[in-house]
Protein chains: 2
Amino acid sequence: MIFEIDFNSDEAFYMQLKNQIILAIATRSYLEGEVLPSVRKLSEDIGINMHTVNKAYTVLKDEGFVRVDRRGAVVAVDINKAEDKKLIIDELKIIIARATLKGIKREEMHALIDAIYDEY
Amino acid sequence: MIFEIDFNSDEAFYMQLKNQIILAIATRSYLEGEVLPSVRKLSEDIGINMHTVNKAYTVLKDEGFVRVDRRGAVVAVDINKAEDKKLIIDELKIIIARATLKGIKREEMHALIDAIYDEY
DNA sequence: AAAAGTGTTATATAAAATATATAACACCCT
DNA sequence: AGGGTGTTATATATTTTATATAACACTTTT
């Protein structure tokens, strides 16, 4: 899996990377137990600093998507994280609010959900 | 409608306010054409700086949720904003990726969508 | 055993984003 | 005339983001 940073985006680099890794795990480009690239190699490959990659990995660890040991960052999704679901639902509410106001109807949203789930 | 800032949150104040206003518009606590509180009054009410409220209003204007004139910020949703839908869908993909990995099944997501749409 | 590769920590620096504070301006409405 | 709009300008402080070097303890490979 190749990750890519949009240097013109207003989204923080570590955040772009973090989201791309979550997408990669969800779409099974990375499987449970698989080791992500080392911070040094990945930072060279995508052209950002080692510490920025490390920050993405650290956040992924804190949010329960990877486990980090001496071998590197290992995909290890931890379903049981108390506040996670509530947080996701709150964010979902805001996105749907934006979607409705932008004219995305309920049926369209359901279709969208199905399309995305089919990818995963 | 009373807005509230969580001063302990790591989310920017203007962002919290922006999202709450979008939710208020979606749930029809504010109707098309209605005038939002003035930047000065709202800033006093919720305890943040005038310019921070102004930034929220400016972003809301740029994203097509309000129109700003001499009377103040007026709710005016502009459906036709080219890249908006794509942006929303991209964000939705990430949230659903997180949701699936946290064990939220497709059916649960559909139920969630319906629940939120019913509020709107 | 030596070398190379892990994440991690520390220190430093620079730029950008966030938030506040004062002040003033043009405009509108009573 | 006075008080209410958003807006603009300037200034300052803090936090976040990103980079750069360097070193450390540990593991894996050679």
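Quick note on labels: first sequence line is chain A, next is B, and so on, each numbered from 1.
Taking 4.0 Å as the cut-off between side-chain N and carboxylate O, B:Lys85 and A:Glu108 count as a salt-bridged pair. A salt bridge between B:Asp118 and A:Arg106 is present, with a side-chain N of the basic residue lying under 4.0 Å from a carboxylate O of the acidic one.
Distance B:Leu17 CG to C:dT20 C1': 16 Å, rounded to the nearest Å. Summarising the geometry, the separation between CD on A:Glu11 and P on D:dA18 is reported as 10 Å, rounded to the nearest angstrom. B:Leu42 places its CG atom 11 Å from the P atom of D:dT5, with the value rounded to the nearest Å. For A:Asp69 and D:dA25, the CG to C1' distance is 14 Å, given to the nearest whole Å. Atom CG of A:Asn54 and atom P of C:dT9 are 9 Å apart (whole Å). Atom OH of B:Tyr57 and atom P of D:dT8 are 17 Å apart (whole Å). What separates CZ of B:Arg40 from P of C:dA23 is a distance of 13 Å, to the nearest Å. Put simply, CG on B:Asp6 is 17 Å from P on C:dT18, counting in whole angstrom units.
Between A:Lys41 and A:Asp10, the residue anchored closer to the 5' end of DNA chain C is A:Lys41, taking for each the nucleotide with the nearest heavy atom. When each of A:Met50 and A:Gly47 is assigned the nucleotide of DNA chain D with its nearest heavy atom, A:Gly47 is the one assigned upstream, toward the 5' end.
The base of C:dT8 does not come close enough to the side chain of A:His51 for any donor and acceptor atom to sit less than 3.5 Å apart.
Taking every side-chain heavy atom of B:Lys55 into account, C:dT18 is the closest of D:dT7, D:dT17, C:dT18. Taking only side-chain atoms of A:Val68, from C-beta outward, the nucleotide of C:dA19, C:dG7, D:dT17 with the closest atom is C:dG7. The side chain of A:Ser38 lies closest to C:dT6 when the candidates are C:dT8, C:dT6, D:dT7. With C:dT8, C:dT20, D:dA18 as the choices, the nucleotide that has an atom nearest any side-chain atom of A:Val39 turns out to be C:dT8. For A:Ile48, whose side chain is taken as the heavy atoms from C-beta onward, the closest listed nucleotide among D:dG6, D:dT19, C:dA19 is D:dT19.
Cation-pi geometry between A:Lys18 and A:Phe65 is not satisfied (NZ or CZ under 6.0 Å from the ring centre, within 45° of the ring normal).
Classification of the B:Phe3-B:Tyr30 ring pair by plane angle, with boundaries at 30° and 60°, yields parallel.
Put simply, the residue from B:Leu31, B:Val77, B:Leu60 that forms a side-chain contact (heavy atoms from CB on, under 4.5 Å) with B:Ile25 is B:Val77.
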